[in-house]
S.K.: 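Sending over a structure as structure tokens; questions will come in a sec.
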Amino acid sequence: MIAEQFDILLLDLDGVVYVGDRLLPGARRALRRLRERGTTLRFLTNDPRPTRDEVVARLERLGVAASVQEVVTCGWSTAVCLREAGLASAYVVGSDGLRRELDRAGVRGTDGNEA
């Protein structure tokens, strides 16, 4: 099994685990088997709109167990990078999910309209 050759499997979500609101055939079983083997999984998405919590909730609705620590979104990754760079605020042209991830990381998101 290919999973035995690697320490971790990085799985894109849309088109690999699900399409829209449909879990792809065999995905639940495959993920369960990987977990049973002790494979470390990370679920990735380049969609900046959902927070990691929202991705976990979506996976759970589809019958896939996941934790927030297993989910990597581009919004969360951006927030972490900005925080690690020591930035306190960012002008946000993006979704509420991106703004929430920035806030959680301690980076104040602004659209320039705050008084």
Side-chain angles (χ1 to χ4, degrees):
M1 177 180 247
I2 194 168
E4 295 170 349
Q5 299 173 34
F6 300 96
D7 296 325
I8 187 169
L9 291 182
L10 306 176
L11 304 165
D12 185 27
L13 287 169
D14 196 20
V16 175
V17 176
Y18 57 67
V19 173
D21 289 327
R22 285 190 353 243
L23 192 65
L24 287 171
R28 185 180 301 116
R29 181 173 177 245
L31 293 169
R32 185 178 60 245
R33 288 182 62 207
L34 288 166
R35 288 191 187 284
E36 288 169 357
R37 296 180 74 83
T39 303
T40 299
L41 303 176
R42 291 297 179 266
F43 300 101
L44 286 71
T45 180
N46 63 348
D47 184 348
R49 295 170 296 173
T51 63
R52 294 187 311 152
D53 293 316
E54 292 168 338
V55 171
V56 168
R58 181 179 188 175
L59 288 168
E60 288 177 351
R61 279 193 307 274
L62 295 172
V64 173
S67 70
V68 171
Q69 293 75 23
E70 294 176 313
V71 175
V72 177
T73 68
C74 61
W76 174 78
S77 297
T78 298
V80 169
C81 286
L82 293 175
R83 180 187 67 216
E84 289 178 357
L87 301 174
S89 65
Y91 186 87
V92 179
V93 179
S95 68
D96 288 336
L98 174 58
R99 186 181 305 276
R100 286 192 304 275
E101 291 291 12
L102 289 168
D103 289 342
R104 286 184 188 141
V107 178
R108 185 177 59 83
T110 178
D111 61 8
N113 292 322
E114 289 84 11

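Quick note: residue numbers are just sequence positions, from 1. These numbers come from the heavy atoms of this one structure, side chains and all, not from hydrogens, waters or symmetry mates.
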S.K.: Let me confirm one number: the CG-CG distance from N46 to D14, rounded to the nearest 0.5 Å.
M.R.: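 If we round to the nearest 0.5 Å, N46:CG and D14:CG are 8.5 Å apart.
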S.K.: For R100 and D53, what are the C-alpha separation, side-chain angles and deciding distance, and is it a side chain to side chain contact (heavy atoms under 4.5 Å, CB included)?
M.R.: CA-CA 11 Å; R100 286 192 304 275; D53 293 316; over 6 Å; no
S.K.: Output the rest of the hydrophobic cluster of L44: all Ile, Leu, Val, Met, Phe, Trp and Tyr residues reachable through side-chain heavy-atom contacts under 4.5 Å, sorted by chain and number.
M.R.: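 Hydrophobic cluster check, L44: joined to I8, L10, V72, W76, V80.
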S.K.: Show the nearest heavy-atom pair for residues R52 and Q69, with the distance to one decimal.
M.R.: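 Result for this residue pair: NH1-CA, 4.2 Å.
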S.K.: For the CZ atom of F43 and the CZ atom of R58, what is their distance to the nearest 0.5 Å?
M.R.: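 Separation between the atoms: 13.0 Å.
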S.K.: Roughly how far, to the nearest 0.5 Å, is OG1 of T110 from OH of Y91?
M.R.: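 Reported value, rounded in 0.5 Å steps: 7.5 Å.
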S.K.: Please report the interatomic distance CG(L11) to CG(L34), rounded to the nearest 0.5 Å.
M.R.: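 The distance works out to 7.5 Å.
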S.K.: List the residues meeting side-chain hydrogen bond (donor to acceptor under 3.5 Å, both in side chains) with D47, not counting sequence neighbours, and say none if there are none.
M.R.: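 D47: side-chain hydrogen bond (donor to acceptor under 3.5 Å, both in side chains) contacts with R49.
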S.K.: Holding to side-chain hydrogen bond (donor to acceptor under 3.5 Å, both in side chains), I want the full list of residues that pass it with R83, two or more places apart in sequence or in another chain.
M.R.: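 So R83 forms no side-chain hydrogen bond (donor to acceptor under 3.5 Å, both in side chains) with any residue.
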S.K.: Are any side-chain N or O atoms of S95 and backbone N or O atoms of P48, one a donor and one an acceptor, separated by less than 3.5 Å?
M.R.: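 Yes, the answer is positive, given that a donor and an acceptor are paired below the 3.5 Å cut-off.
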S.K.: What are the two closest heavy atoms between L62 and D21, and how far apart are they?
M.R.: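 Nearest heavy atoms, L62 then D21: CD2-O, 3.4 Å.
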S.K.: Got a sec, which hydrophobics cluster with L98, joining ILVMFWY side chains under 4.5 Å apart, including via others?
M.R.: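 L82, L87, V92, L102, V107, which link up through side-chain heavy atoms under 4.5 Å apart, make up the rest of the cluster.
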S.K.: Which ILVMFWY residues can you reach from V19 by hopping between side chains whose heavy atoms are under 4.5 Å apart?
M.R.: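 Once heavy-atom contacts under 4.5 Å are chained together, V19 belongs with L24.
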S.K.: Rounded to the nearest 0.5 Å, how far does CZ of R28 lie from CZ of R33?
M.R.: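 Reported value, rounded in 0.5 Å steps: 15.5 Å.
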S.K.: Walk me through it: do T40 and D7 pass the test side chain to side chain contact (heavy atoms under 4.5 Å, CB included)?
M.R.: CA-CA 7 Å; T40 299; D7 296 325; over 6 Å; no
S.K.: If every non-hydrogen atom of L59 is compared with every non-hydrogen atom of A66, which pair is closest and at what distance?
M.R.: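 That closest heavy-atom pairing would be CD1-CB, 3.7 Å.
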S.K.: Give a yes or no on whether the backbone of R35 and the side-chain of T39 come within a donor-acceptor separation of less than 3.5 Å.
M.R.: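 It does not hold such a pair.
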S.K.: With sequence neighbours left out, what residues match D96 under side-chain hydrogen bond (donor to acceptor under 3.5 Å, both in side chains)?
M.R.: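 Checked D96 against side-chain hydrogen bond (donor to acceptor under 3.5 Å, both in side chains); zero matches.
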S.K.: Side chain to side chain contact (heavy atoms under 4.5 Å, CB included), that's the test. Do T78 and E101 meet it? Break it down for me.
M.R.: CA-CA 9 Å; T78 298; E101 291 291 12; over 6 Å; no
S.K.: Would you compute the distance between atom OG1 of T51 and atom CG of D103 and round it to the nearest 0.5 angstrom?
M.R.: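 Reported to 0.5 Å precision, the distance equals 12.0 Å.
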